[in-house]
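Have a look at the structure below, then the notes.
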Amino acid sequence: MARAPQVLRGMRDFLPEQMLLRQHVLNTFRDVFERYGFEPIETPVIEYLETLTGKYGEDEKLIYSFQDRGERDVGLRYDLTVPLARFVANHRNELTFPFKRYHIAPVFRADRPQRGRYREFWQCDADIVGTKSMMADAEVVSVWIDALSAINMPGFVVHINHRKLLMSLAEVAGVPDEQTPTIHRAIDKLAKIGEDGVLEEMKSNGIPEDAARKVLDLVSITGEPDKVFDELANRLAGNELAEEGIAELRALFRFLDQMGAASEHYTLDLTLARGLDYYTGPVFEAMSVDANIGSLGGAGRYDGLVGMFSGEDLPATGCSLGLERIFDVIQERNLVDAPSTVSKALVTVFNEDTIGDSLALVGELRRAGIQSEVFVGEKLELRRQMQFANRKGIPLTVILGPDEIQAGQAVLREMESGEQTTISRNDVAETIRTRLGLS
RNA sequence: GUGCCCGUAGCUCAAUCGGCAGAGCACUGGUCUGUGGAACCAGGGGUUGCGGGUUCGAGCCCCGCCGGGCACCCCA
């Protein structure tokens, strides 16, 4: 004991039962993404370091970087968005635009681990490249809502804001542009620390009180989106950035409504400030009010990112879901049913002399498309094999002893009920298929 | 990256003031040589996360590292 090496900090192993649940979630997401016309791609886990740097702002320090054997400076991907931009820049002549892709893969961050925060975690991204239309942003929000709904995520809401509105705040308040991040950081905490806290935070970071109040008044506007947009348009009249942002958000909300997106799952939130440098338009964050695990996903429009690689601007928007957080919630709350094992049937082995009969039968079951296994242990007591099936949750066992073999029969046992039926050896595969609802 | 809490069997935890490392569950075997889940009996399992220090003596005190958690920062 205690001699076995540990896994690296912030990284984990998954047992088969957990993997079956993860795969179930991933398959659900894949289905939803493909229902919207998103197509799969894959990119390398490792990129040249320069591909990754200069895209994330402050967070850049969390990139896992090192030198490979050829002394190249490389890094593990920090998200799937920057690799997508690089991918599009490389393959732009081979793609049909608007290009819709999904990408489900692990990413790495050298962050300090906590609940729901790991150093290796999977992201599930869906993005649309090559259009500025707010239809694309609406699709992204909608696919997100459908994906989270499909796995029964409780009480989730997609918060929506706009980068251009956020950028106009400093201007409106009359403080220098460098203060913009400070303002964003402060207002993002409104729900958490309240108005006084936000004012205090801005003031202690050198923002004059009247400017701080002006900002707070603006982002505190709530209500029906259209009303909020009218109010904002009024107060921000003449501010070009803000006007663009408002117009785009109006279109986005109209499209969402026309698509029939479930309105209880999205909301305008003027305090939402997403930190990543590359966002340029609408920004989104998916949160579960019930689950207490932070955000489930972040998203937004990043019209300048592809251009950083190709010199040719291609607008893009997309969303990202964090599998580990979703998985942790599902597991804790038992939200999704997934089988505990892959096998549907266990063919038992009576003794050394009947091994051949059992092997022949399991082969037949497999050719009939039934996920099945034969007991491959060394000790062949039947009770041991029953126990094996029971513990793994295999629903059916086939008992094939000398009596059955002699009579050309087999005994099919339903493990949950204990009910046994003797059937003809020739009917085993078909009977099992019927029981499993396969034919 | 900063501050704090924590680490004893596979899991959950106990061990008085620094004085012989334990229990339940799980696991293995048996009661039970053609049938799992229950019960009873027995058994295996530990350099107390790792390394150093203090002490006659360390699971307990001190230092470093590894790992987990909380709050920041930030984020999925």
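The chains referred to below are lettered A, B, ... by the order of the sequence lines, with proteins before strands, and numbering in each begins at 1.
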Would you be so kind as to tabulate the donor-acceptor pairs closer than 3.5 Å made by side chains of residues 102-109 of chain A, with sequence neighbours excluded?
from, atom 1, to, atom 2, distance (Å)
A:Tyr102, OH, A:Glu34, OE2, 2.5
A:His103, NE2, A:Glu42, OE1, 2.8
A:Arg109, NE, A:Tyr78, O, 3.0
A:Arg109, NH2, A:Tyr78, O, 3.2

Using a 3.5 Å cut-off and no angle test, enumerate the donor-acceptor pairs between side-chain atoms of residues 146-155 of chain A and protein atoms at least two apart in sequence or in another chain.
from, atom 1, to, atom 2, distance (Å)
A:Asp146, OD2, A:Tyr36, OH, 2.5
A:Ser149, OG, A:Ile145, O, 2.7
A:Asn152, ND2, A:Leu335, O, 3.2

Output side-chain donor-acceptor pairs under 3.5 Å for residues 80-91 of chain A, partner residues at least two apart or in another chain, one line each.
from, atom 1, to, atom 2, distance (Å)
A:Arg86, NE, A:Asn90, OD1, 2.9
A:Arg86, NH1, A:Glu47, OE1, 3.2
A:Arg86, NH1, A:Glu47, OE2, 2.6
A:Arg86, NH2, A:Asn90, OD1, 3.4
A:His91, ND1, A:Glu94, OE2, 3.1

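The backbone N or O of A:Phe156 lies less than 3.5 Å from a partner atom in the side chain of A:His265, making a donor-acceptor pair. Without hydrogens or angle criteria, A:Asp303 side chain to A:Ala316 main chain gives a donor-acceptor distance under 3.5 Å. A side-chain donor-acceptor contact under 3.5 Å links A:Ser358 to the backbone of A:Thr348. A donor-acceptor pair under 3.5 Å is absent between the side-chain atoms of A:Glu39 and the main chain of A:Lys100, judged by distance alone. No side-chain donor-acceptor contact under 3.5 Å links A:Asp427 to the backbone of A:Thr431. A side-chain donor-acceptor contact under 3.5 Å links A:Asn161 to the backbone of A:Leu272. For A:Arg119 (side chain) and A:Arg112 (main-chain N/O), no donor-acceptor pair under 3.5 Å exists by modelled atom type. Side-chain N or O atoms of A:Ser372 include none that pairs as donor or acceptor with a backbone N or O of A:Lys344 at under 3.5 Å. Remark: the backbone N or O of A:Leu380 is paired with a side-chain donor or acceptor of A:Gln385 at under 3.5 angstrom. With A:His159 contributing its side chain and A:Met287 its backbone, the two residues share no donor-acceptor pair below 3.5 Å.
To the nearest 0.5 Å, atoms OG1 (A:Thr51) and CZ (A:Phe309) are separated by 5.5 Å. Here A:Arg115 contributes atom CZ and A:Arg325 contributes atom CZ; the two are 9.5 Å apart, rounded to the nearest 0.5 Å.
Judged as a ring-ring contact (aromatic ring centres under 6.0 Å, His included), and not counting sequence neighbours, A:Phe38 has no contacts.
For B:rC4 and B:rC63, the P atoms lie 11 Å apart once the distance is rounded to whole Å. The gap from the P atom of B:rG52 to that of B:rU47 amounts to 15 Å, rounded to the nearest Å. Remark: the separation of the C1' atoms in B:rU35 and B:rA26 is 23 Å, to the nearest Å. Atom C1' of B:rG57 sits at a distance of 33 Å from the matching atom of B:rG69, rounded to the whole Å.
What separates NZ of A:Lys55 from C1' of B:rC75 is a distance of 19 Å, to the nearest Å. When rounded to the nearest whole Å, the span between OH of A:Tyr118 and C1' of B:rG68 equals 11 Å. Between A:Arg274 atom CZ and B:rC75 atom C1' there is a gap of 8 Å when expressed in whole angstrom units. Distance A:Asn205 CG to B:rC73 C1': 13 Å, rounded to the nearest Å. Note: CG (A:Leu382) to C1' (B:rC32) measures 13 Å, nearest angstrom. Between A:Tyr279 atom OH and B:rC75 atom C1' there is a gap of 11 Å when expressed in whole angstrom units. In this structure, the NZ atom of A:Lys379 is 14 Å from the C1' atom of B:rU33, given to the nearest Å. Between the C1' atom of B:rC74 and the CZ atom of A:Phe121 lies a distance of 12 Å, rounded to the nearest Å.
Within a heavy-atom distance below 4.0 Å of RNA chain B, the residues of residues 183-196 of chain A found are A:Arg185, A:Lys189, A:Lys192. Listed by residue number, A:Arg9, A:Gly10 are the residues of residues 9-19 of chain A with a heavy-atom contact under 4.0 Å to RNA chain B. Taken residue by residue, residues 419-433 of chain A places heavy atoms nearer than 4.0 Å to RNA chain B at A:Gln420.
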Test salt bridge (charged side-chain N to carboxylate O under 4.0 Å, His left out) on A:Arg77 and A:Asp125; report intermediate values, then the result. CA-CA 14 Å; A:Arg77 62 184 167 211; A:Asp125 280 33; over 6 Å; no

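Counting only Watson-Crick and G-U wobble pairs whose two distances sit under 3.5 Å, RNA chain B takes part in these stems of three or more pairs: B:1-7 with B:66-72, B:10-13 with B:22-25, B:27-31 with B:39-43, B:49-53 with B:61-65.
Put simply, the side chain of A:Arg325 and the base of B:rC75 share a donor and an acceptor less than 3.5 Å apart.
Checking B:rG68, B:rC74, B:rG34 against the side-chain heavy atoms of A:Ile399 singles out B:rG34 as nearest. In the set B:rG67, B:rG34, B:rG69, the nucleotide with an atom closest to the side chain of A:Pro113 is B:rG69. Distances from the side chain of A:Arg391 to the nucleotides B:rC27, B:rG29, B:rA76 place B:rC27 closest. Side-chain atoms of A:Asp59 lie closest to B:rC74 of the nucleotides B:rC74, B:rA76, B:rU35.
Contact check, A:Arg384 against B:rG29: a side-chain N or O comes under 4.0 Å of OP1 or OP2.
Of the two residues near RNA chain B, A:Met386 and A:Gln123, the one whose nearest nucleotide lies more 5' is A:Met386. The 5' end of RNA chain B is approached more closely, in terms of each residue's nearest nucleotide, by A:Leu8 than by the other of A:Glu58 and A:Leu8.
For the pair A:Arg301 and A:Arg163, the minimum side-chain heavy-atom distance is 4.5 Å or more.
Listed by first and then second residue, the side-chain hydrogen bond (donor to acceptor under 3.5 Å, both in side chains) pairs involving residues 198-207 of chain A are A:Lys189-A:Glu201, A:Lys203-A:Glu209 (not counting sequence neighbours). Pairs passing the side-chain hydrogen bond (donor to acceptor under 3.5 Å, both in side chains) check and including a residue from residues 402-421 of chain A, sequence neighbours excluded, read A:Arg413-A:Gln420, A:Glu414-A:Arg435, A:Thr421-A:Arg435.
Using a 4.0 Å heavy-atom cutoff across all strands shown, A:Asp403 reaches at least one base atom of the nucleic acid. A:Glu404 comes within 4.0 angstrom of a base, heavy atoms only.
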Distances under 3.5 Å between protein N/O atoms and the N/O atoms of nucleotides 37-39 of chain B, please, pair by pair.
from, atom 1, to, atom 2, distance (Å)
B:rG37, O4', A:Asn390, ND2, 3.1

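Remark: ring of A:Phe350 does not overlap the six-membered base ring of B:rG34 in a stacked fashion, as centroids less than 5.5 Å apart with planes less than 30° apart are not both met.
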Take nucleotides 1-6 of chain B nucleotide by nucleotide from the 5' end and write B, S or -, depending on whether a protein heavy atom sits under 4.0 Å from the base, only from the sugar-phosphate, or from neither. BBBB--

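With 3.5 Å as the limit, one finds a donor-acceptor pair spanning the side chains of A:Tyr302 and A:Asp127.
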